[in-house]
Amino acid sequence: MRMSNLYLPTLKETPAEAEVPSHQLMLRAGLMRTLTAGVYTYLPLGWRVIRKVEEIVRQAMDESGAQELLMPVIHTAELWKESGRWEQFGPQMIKFQDRKGRDYCLGPTHEEVVTALVRGEIRSYKDLPLNLYQIQTKVRDEIRPRFGVMRGREFIMKDAYSFDRDYEGLDKSYRAMYDAYMKAFSGCGLEVRAVEADTGAMGGSESHEFMVLAEVGEDRIAFCDSCSYAANVEKAVAGEMGSTGSEEMKELEEVHTPGQKTIEEVTEFLGVEPARTIKSLALLADGEPVLVLIAGDDQLNEVKLANYLGANELTAVDDEDFDKYYHSTAGFIGPVGMEGVRILADLRVRDIVNGVTGANKTDYHLINVNPERDFTVEDYLDLRIVKDGDPCPKCGGRLEIKSGIEVGHIFKLGTRYSESMGATYLDENGKEQLIVMGSYGIGISRLVAAAIEQNHDEKGIIWPKVIAPYQVIILALGEDEEVVKVSEELYRELAARGVETLLDDRKERPGVKFNDADLIGIPLRITIGARSLKNNLIEARVRRTGEEMQIGLEESVERIIEILDRIE
RNA sequence: CGGAGCGUGGCGCAGUUUGGUAGCGCACCUGUUUUGGGAACAGGGGGUCGAAGGUUCAAAUCCUUUCGCUCCGACCA
């Protein structure tokens, strides 16, 4: 492609709306433009990258035996009501009506549509297993779109759905997808780690996320430093923490703690360590009041709590509900004597001896509180967020917390959709059985952003060769006739050899060309200028390493292909 | 949904406190000179100051409403 003809509006300055490197660079390097928050146009260069990624993913999917199709963006409300997700996914969906007043939504995901498709066609066990996938734009009305294409309201996703006769088959399909995903991500030149994950709104049992480690990641992941354990903190559990010791229980006592409300204030005031305090959180789970107890130095894992309660939504209690349900006083709430609400506690709370809690009385706390002796709870369960340094649940090693960008997610759905939507087949005995499903997603557009987060410097993007929009950029410096001639020839010869090449034939000064080449991140830059051409030489520079080479004119095409072969 | 900040030419910003009829840098157009890391000079085009309403002789500036964008939060009662 000749850059004199390319629609490539690069920006010298960073647009004010962009905060993270990938967002800034995608705008600056002319990969995309914003229409509105979380909605973007991909420009020619950006679209090429998207297509490269799609192609790598497509190949991995096809190799795994999955088949590509394309489903609609417009979904009917009936379909989503069948699965029960019209309400559940609710506000995340863009809903609308046609002229006749019929309800629709724009597809945020396609479990409903595939299930409806397949239930009409699959009759026999002989039709299974089956894996169908598509690469398509998804629409979700995110609460808060951010970081450019990283969390958009419209994004390109590869989604696949597997259909099996039984759970054994599902295990196989799931494993095949897991392997295909690892292949796809490394095929894109990305470092990705698979971690155990919560299943969230999709439902189902087992689930893994594929994470690109990056500072700006929205997810936090716990890794063991000595074994392979890795899990999203939403899901991660710590190993045995050990109890606080074998201290004797002392007599319950009320102490005056004027104005000391937070854990920090109370521990300082009373001179006790936070681990010995019991933090009491008043919450509404789908409107039902719950008191949750966790150790003072821990944080509540809402996902674990919501899963246990089967609740859709957890909200903090407002003043009115606080008075109505808890009969306590803000800042001094505690489980002792609490009645009429469910009380749940984290496992660590059970081990607290002579702890501290609010006394349900303004400006008073209780000390020497002992679980079971002084209060009882409905259940003790794991409700905390794991912390850096916690013991690994598998091997006892140390857990480390890092940020990651979720670029892929696979789920064992089971019969969640086949059951609610009636997708069945007949087995060998002529008996009707539910199809067992799995669902598998890759965020194509997000993956591009993640790749940039992982591969950039202060000058711009450094594309992994496999997803670079072009492999080589030829900078023709100046309007010297010989320079133009040599550049054109090299450009044609590289193209003839199948090398995707940009020719910077714009009437720009050298500095502009150098800077744009760095910004758009083409892996190999070839500079042709009158100066070195006098000696029959051109110059090559590897974007990632900065390595520079002089190349003899005669052997240039071969040398360039050679260099390309060995860079990443 | 709560809090904070911001909307002024394509981009980045100043001007708003104290009302007087819009400015800087980049980009763009023309010409001349330049040409190996974002050129110099000269000339030029482009803005209903997010929108609507109000106050005023006069509004980018004050008041009201509204829309949009960004960030933080929506566990620690």
Side-chain angles (χ1 to χ4, degrees), chain A residues 9-20 23-24 27-28 30 33-39 91 143-148 233-234 260-267 274 277-285 289-306 313-323 325-335 338 341 346 357-358 360 362 365 383-385 459-460 475-480 483 504 506-519 525 527-534 537-539 541 548:
Chain A
T10 56
L11 265 26
K12 207 182 288 188
E13 288 173 285
T14 304
E17 81 228 30
E19 292 277 320
V20 301
H23 188 191
Q24 294 176 344
L27 294 169
R28 285 228 296 137
R33 285 293 178 263
T34 312
L35 177 63
T36 181
V39 181
I143 307 181
R144 187 172 160 207
R146 74 178 120 178
F147 302 156
V233 291
E234 290 179 347
Q260 313 295 310
K261 294 189 176 188
T262 66
I263 291 290
E264 203 175 61
E265 288 163 356
V266 172
T267 51
T277 62
I278 300 171
K279 187 155 57 177
S280 307
L281 310 177
L283 298 169
L284 293 183
V290 185
L291 188 70
V292 181
L293 311 179
I294 55 176
D297 58 344
D298 276 339
Q299 302 202 323
L300 173 65
N301 187 323
E302 289 194 45
V303 174
K304 290 176 182 174
L305 179 63
E313 193 188 26
L314 292 174
T315 45
V317 173
D318 61 26
D319 292 345
E320 193 182 320
D321 284 333
F322 189 84
D323 293 339
Y325 295 119
Y326 294 90
H327 314 292
S328 181
T329 170
F332 301 93
I333 189 169
M338 177 69 57
V341 298
D346 179 67
T357 75
N360 295 320
T362 303
H365 278 79
L383 285 175
R384 60 190 288 274
I385 294 179
K459 287 179 166 297
L475 304 192
L477 300 189
E479 282 162 69
D480 179 276
V483 166
D504 196 346
R506 296 175 300 172
K507 302 216 178 317
E508 291 287 355
R509 300 172 64 82
V512 174
K513 296 189 177 188
F514 286 129
N515 282 303
D516 272 350
D518 287 342
L519 178 61
R525 184 183 85 194
T527 307
I528 300 177
R531 209 162 67 186
S532 51
L533 211 51
K534 276 191 210 125
L537 290 172
I538 60 176
E539 294 146 56
R541 182 189 171 99
E548 297 198 23

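What you see is a predicted model; the values in this text were computed from it and never measured.
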Roughly, in whole Å, what's the span from [atom1] in [X] to [atom2] in [N]?
{"X": "A/Leu27", "N": "B/A27", "atom1": "CG", "atom2": "C1'", "value": "17 Å"}
{"X": "A/Glu264", "N": "B/A77", "atom1": "CD", "atom2": "P", "value": "11 Å"}
{"X": "A/Phe514", "N": "B/G37", "atom1": "CZ", "atom2": "C1'", "value": "6 Å"}
{"X": "A/Lys534", "N": "B/G36", "atom1": "NZ", "atom2": "P", "value": "11 Å"}
{"X": "A/Gln260", "N": "B/A77", "atom1": "CD", "atom2": "C1'", "value": "15 Å"}
{"X": "A/Ile143", "N": "B/G2", "atom1": "CD1", "atom2": "C1'", "value": "13 Å"}
{"X": "A/Ile538", "N": "B/G36", "atom1": "CD1", "atom2": "P", "value": "18 Å"}
{"X": "A/Phe147", "N": "B/C69", "atom1": "CZ", "atom2": "P", "value": "16 Å"}

Under 4.0 Å between a side-chain N/O of [X] and OP1 or OP2 of [N], yes or no?
{"X": "A/Arg509", "N": "B/A39", "answer": "yes"}
{"X": "A/Thr36", "N": "B/C69", "answer": "yes"}
{"X": "A/Lys12", "N": "B/G12", "answer": "no"}

Taking only the [atom1] atom of each, what is the distance from [N] to [M] in whole angstrom?
{"N": "B/G12", "M": "B/C28", "atom1": "C1'", "result": "16 Å"}
{"N": "B/U61", "M": "B/A22", "atom1": "P", "result": "14 Å"}
{"N": "B/G54", "M": "B/A14", "atom1": "C1'", "result": "28 Å"}
{"N": "B/G10", "M": "B/C72", "atom1": "P", "result": "29 Å"}
{"N": "B/A60", "M": "B/C13", "atom1": "C1'", "result": "15 Å"}
{"N": "B/C49", "M": "B/G23", "atom1": "P", "result": "14 Å"}
{"N": "B/G9", "M": "B/C24", "atom1": "P", "result": "14 Å"}
{"N": "B/A59", "M": "B/U55", "atom1": "P", "result": "11 Å"}

Any-strand Watson-Crick or G-U partner of [N], both distances under 3.5 Å:
{"N": "B/A22", "answer": "none"}
{"N": "B/C1", "answer": "B/G73"}
{"N": "B/U56", "answer": "none"}
{"N": "B/G7", "answer": "B/C67"}
{"N": "B/U32", "answer": "B/A40"}

Minimum heavy-atom separation for [X] to [Y], with atom names?
{"X": "A/Leu300", "Y": "A/Leu383", "result": "CD1-O, 3.5 Å"}
{"X": "A/Gln24", "Y": "A/Glu19", "result": "NE2-O, 3.4 Å"}
{"X": "A/Ile263", "Y": "A/Gly296", "result": "CG2-O, 3.8 Å"}
{"X": "A/Lys513", "Y": "A/Ala476", "result": "NZ-O, 2.7 Å"}
{"X": "A/Asp298", "Y": "A/Lys279", "result": "O-NZ, 2.8 Å"}
{"X": "A/Ser280", "Y": "A/Pro335", "result": "OG-CD, 3.7 Å"}

[N] base to [X] side chain: any donor-acceptor pair below 3.5 Å?
{"X": "A/Arg146", "N": "B/G73", "result": "no"}
{"X": "A/Glu508", "N": "B/G38", "result": "no"}
{"X": "A/Ser532", "N": "B/G36", "result": "yes"}

Starting from the C-alpha separation in whole Å, work towards a yes-or-no answer on side chain to side chain contact (heavy atoms under 4.5 Å, CB included) for A/Leu283 and A/Glu302.
-> CA-CA 10 Å; A/Leu283 298 169; A/Glu302 289 194 45; 5.9 Å; no
Given [options], identify the nucleotide with an atom nearest to the side chain of [X].
{"X": "A/Val512", "options": "B/A39, B/C76, B/G37", "result": "B/A39"}
{"X": "A/Glu13", "options": "B/G25, B/C76, B/A77", "result": "B/G25"}
{"X": "A/Asn515", "options": "B/A77, B/U70, B/G37", "result": "B/G37"}

Contact class for [X] vs. all strands (heavy atom < 4.0 Å): base, sugar-phosphate, or nothing?
{"X": "A/Arg144", "answer": "base"}
{"X": "A/Asp518", "answer": "base"}
{"X": "A/Lys459", "answer": "base"}
{"X": "A/Glu302", "answer": "base"}
{"X": "A/Gly478", "answer": "nothing"}
{"X": "A/Asp516", "answer": "base"}
{"X": "A/Leu305", "answer": "nothing"}
{"X": "A/Arg33", "answer": "nothing"}
{"X": "A/Leu281", "answer": "sugar-phosphate"}
{"X": "A/Glu19", "answer": "sugar-phosphate"}

A/His365 NE2 to A/Ile333 CD1 distance, which is reported to the nearest 0.5 Å =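 The NE2 atom of A/His365 sits 11.0 Å away from the CD1 atom of A/Ile333.
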Closer to the 5' end of RNA chain B via nearest nucleotide, is it A/Ala18 or A/Leu291?
->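 Mapping each residue to its closest nucleotide by heavy atoms, the 5'-most match is A/Ala18.
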So which one's nearest nucleotide on RNA chain B is more toward 5', A/Glu17 or A/Lys279?
->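 With A/Lys279 and A/Glu17 compared, the 5'-side residue is A/Glu17.
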Step through the shown structure and confirm whether more than 12 heavy atoms of other residues, nucleotides or ligands are within 6.0 Å of CD on A/Glu17.
->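 Check passes, neighbour count above 12.
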